[in-house]
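Read through the structure below, which is laid out as structure tokens, and then see the notes.
Chain letters run A, B, ... following the sequence lines, proteins first, then strands; residues in each count from 1.
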Number of protein chains: 2
Amino acid sequence: MTLEQAAASIAGEQSTGTFTAVPGETESLKERHGARIERITPLEQVAQPSLPGALAPPATQGCYSRGEIVVSFPLHNFGPSIPNLMACVAGNLYELRELSGLRLVDLELPEDFKTRYPGPRFGIEGTRRITGVRGRPIIGTIIKPSVGLGCAELEALVYDLAVSGVDFIKDDELNANPPYLPLREKAETVMRAIGRAADKTGRKAMYACNITGDIEELQRNHEHVVKAGGNCVMVSINSIGFAGLAYLNGFSEVPVHGHRNQWGMLTRHGQLGMDFRVYQKLCRLAGADHLHVNGLGSKFYESDESVARSVEACLQPMWDGYSAMPVLSSGQWAGTAETTFERTRSVDVMHLAGGGILAHPDGPAAGVESMKQGWEAAMRGIPAEEYAKERVELRRAFDKFKRKERAL
Amino acid sequence: MTLEQAAASIAGEQSTGTFTAVPGETESLKERHGARIERITPLEQVAQPSLPGALAPPATQGCYSRGEIVVSFPLHNFGPSIPNLMACVAGNLYELRELSGLRLVDLELPEDFKTRYPGPRFGIEGTRRITGVRGRPIIGTIIKPSVGLGCAELEALVYDLAVSGVDFIKDDELNANPPYLPLREKAETVMRAIGRAADKTGRKAMYACNITGDIEELQRNHEHVVKAGGNCVMVSINSIGFAGLAYLNGFSEVPVHGHRNQWGMLTRHGQLGMDFRVYQKLCRLAGADHLHVNGLGSKFYESDESVARSVEACLQPMWDGYSAMPVLSSGQWAGTAETTFERTRSVDVMHLAGGGILAHPDGPAAGVESMKQGWEAAMRGIPAEEYAKERVELRRAFDKFKRKERAL
């Protein structure tokens, strides 16, 4: 299979072709509805196929060719519909034996999609307006332990966190509507704590209440949150699908915090699935106001370079809008601000630390302060460990978490 | 990282743990909400990690260990909710650098899920009742070309197919609600043709009308189909998500034909994603009455052995119910009946041939007849090529498609 043949398979399979000629596939139908191969850029040749079940390479060639192929599909084959777009660009193709590897690396969509999907209602500006945070990242934290806290423990923890001056708090993706603390009660509990803290601090923290559930539950769950005074809802995007996200975006009165758990399945193998560049476009189109991108120096497999690229992708304008705030999370603490700013040069991010705030040796308030100090240092171009000399919260964070990192 | 450490990461990350100890993770909370490692079965050791970004193996070991790990999660951490179940069993885990490969190979669910999700409303029995086909597979075909047929051409084709005696016809997954022939008109067109054919043959073929779309569209699309006299709706399951499927199942008055395009992305790499054994359980739980499994001798990467295992998995009872009909498709024709029956020993399948019926040298009626003859031969244990000597339709199918297969 040459690159040209592989490209022809992709174009044929996903438009007018099938494995054998059929009477209705006329020249004029192919003309109107066939996919077009725009460009084929050969890359390296490899001895082994990337995925199982591929056809053997041509004998004359003896190895597998990699290449970048640009194919365009007529929009009128499926219309501006994310679910039907996916069936076309990410459908059966992954199973073709003509392809020994396949990855969707980018997606250019016509403006028709803009008409159909309004995108995030709040985005970066709306989130800054609600939180009142300007000129620096939104510092956030995650309820830990992820699961198991009862009503009283949760209220106490959220109060402690909110009163500590954190801008944003979120549920863990493992915690949505558990039987031991159903969503309505959870929302009332956390918002009561947020309200009490706001009475004291004069600032109401944003709380992303995880409302992930079946479609019929989304509207009801959203209502529980809003009625409880909530100012953000969170969903596991891959659990409700882009369709579920677009549905939620249709009625959500508060920003939608998009968690991407399950994403690893779609992207970790380099020659399968898709790039985040594609995924984030679809998430923004479907209405994610915030979108998780992992963190630099995280506990995950992803390289810092890849995380920085993801941040950049999220901050790229899409039709002059569709603004979504990238969310850095996982293994984050005050010291990761420096590398993050170095790599991304942006403060339009949410920077979440779970253990990095909660497990600060002097408690959550010191944890939050250390995060802000980490960013101050980064934005002023002062090495964080230097800056820490005069700031006890940052120094204590370095003492604890840097040692931990070094020990890994 | 030993297998024991990897298992501990999995259990910890997806229940009460985080990367650093936090105050609230008490012993009693861990006791109530921690995941339990039930069993670790070491498998082979390999020199290379299966996925990028994995931590190096322990120096004392020098290679990567594979193993099967059984972990149980307390149901009360998330309740019987497919979206939240997924965030737990298929969530961030795929990104852990402690894991150099990860695949979800099975899933045992408690009966609480049964209470929450009623499952397919029609299943095998309901589909047989509607089609009137007993004692043999349901023979079906797919509209080809997949896209581009206008109203008049589509009506003529559907009429020809339906009058040819085929039991079942479906839209291609690429064709749902295209601007050039919107769903309502498409449904009316195909059902008009089905009705006209039924007037002639006395049997109404089942037509799976692809209604894939955004959540708000599903109910309306379903209504268009039912109002037009339709008797089946089809969706791209991965485009609407399990949540979308369960939602559709909540109101569908006709069987739901589940297409699994995009599935390759989740399964093709052997050490990433999940097995079909897991996927089909979730699809059945969410309400797929029919579920695609590829075909034996298909144009896809999948081995015949794997396809046969998928058929078997679908036919396995789930809590004495949740019956879904496996759908064999892709590169199918009369000759594939023999191998299919040999491997699966079941006639409770839908056997779809697109080109294999439409491109039969003597037209679709001969194509359908050849499929039935192929199954007769298989069920009687007579070699199909032998059986074909006395049956012109089967013989002509062999002449055309067998030659094609041999040429591959």
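Side-chain contact between N92(A) and H259(B): present, with at least one pair of heavy atoms (C-beta onward) separated by less than 4.5 Å. H33(A) places a side-chain heavy atom less than 4.5 Å from the side chain of Y180(B).
When all heavy atoms of P83(B) and S239(A) are compared, the pair lying nearest together is O-OG, 2.6 Å. Between H76(A) and P178(B), the closest heavy-atom pair is O-CB, 3.8 Å. Across all their heavy atoms, A243(A) and I240(B) have their closest contact at CB-CA, 4.2 Å. Of all non-hydrogen atoms in P179(A) and G79(B), the two that sit nearest each other are CD-N, 3.6 Å. Looking at every heavy atom in both residues, S81(B) comes nearest to G213(A) through OG-CA, 4.4 Å.
The CG atom of D214(A) sits 10.5 Å away from atom CG of L245(B), with the distance rounded to the nearest 0.5 Å. For the atom pair CD (E216(A)) and CZ (F251(B)), the distance works out to 9.0 Å, reported to the nearest 0.5 Å. Note that CG of N175(B) and SG of C88(A) are 11.5 Å apart. Values are rounded to the nearest 0.5 Å. Expressed to the nearest 0.5 Å, how far CD of Q14(A) lies from OG of S146(B) amounts to 8.0 Å. In this structure, the separation between CG on N261(A) and CG on L93(B) is 9.5 Å, given to the nearest 0.5 Å.
Looking at E98(B), E95(B), E13(B) one by one, the single match for salt bridge (Lys or Arg N to Asp or Glu O under 4.0 Å) with K299(A) turns out to be E13(B).
Aromatic ring pairs are classed by plane angle as parallel below 30°, tilted from 30° to 60° and perpendicular above 60°; the pair Y247(A) and Y247(B) is tilted. H269(B) and H269(A) have tilted rings, their planes meeting at an angle from 30° to 60° on a 0 to 90° scale.
For L96(B), the parts lying under 4.5 angstrom from a heavy atom of chain A are both the backbone and the side chain. Proximity to chain B (any heavy atom under 4.5 Å) is shown, for F242(A), by neither the backbone nor the side chain. Contact of S100(B) with chain A is made through the backbone alone, with heavy-atom distances under 4.5 Å. With a threshold of 4.5 angstrom between heavy atoms, L272(A) approaches chain B through side-chain atoms but not through N, CA, C or O. Using a 4.5 Å cut-off between heavy atoms, T26(A) makes no contact with chain B at all. In this structure, chain B has a heavy atom under 4.5 Å from the side chain of Y117(A), while its backbone stays farther away. Heavy atoms of N238(A) lying under 4.5 Å from chain B are absent altogether. Neither the backbone nor the side chain of D172(B) comes within less than 4.5 Å of any heavy atom in chain A. Of the two parts of L174(B), the backbone and the side chain both hold a non-hydrogen atom closer than 4.5 Å to a non-hydrogen atom of chain A.
Of the residues considered (G273(A), G101(A), A90(A)), A90(A) shows the highest number of contacts with chain B, using heavy-atom pairs under 4.5 Å. Comparing S50(B), S15(B), G34(B), G244(B) by how many heavy-atom pairs each has under 4.5 Å with chain A, the most go to S15(B). For the set L104(B), N77(B), L55(B), the count of heavy-atom pairs under 4.5 angstrom toward chain A peaks at N77(B). With chain A as the partner, the residue from G241(B), P145(B), G264(B) showing the most heavy-atom pairs under 4.5 Å is P145(B).
For A176(B), the side chain to side chain contact (heavy atoms under 4.5 Å, CB included) partners are N84(A), N210(B), T212(B), not counting sequence neighbours. Considering only residues two or more places apart in sequence or on other chains, P52(B) meets the side chain to side chain contact (heavy atoms under 4.5 Å, CB included) condition with R268(A).
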Could you walk me through whether M265(B) and M274(A) pass the side-chain contact (heavy atoms from CB on, under 4.5 Å) check? CA-CA 9 Å; M265(B) 201 176 353; M274(A) 60 174 94; 4.0 Å; yes

E25(A) vs K144(B), test: side-chain contact (heavy atoms from CB on, under 4.5 Å). Steps then yes/no. CA-CA 8 Å; E25(A) 198 187 355; K144(B) 298 283 176 185; over 6 Å; no

R116(A) and E217(B): CA distance, side-chain angles, deciding distance, salt bridge (charged side-chain N to carboxylate O under 4.0 Å, His left out) verdict: CA-CA 12 Å; R116(A) 170 79 162 266; E217(B) 298 172 307; 2.7 Å; yes

Worked verdict on L149(B) versus L29(A) for side-chain contact (heavy atoms from CB on, under 4.5 Å): CA-CA 8 Å; L149(B) 296 177; L29(A) 184 139; 3.9 Å; yes

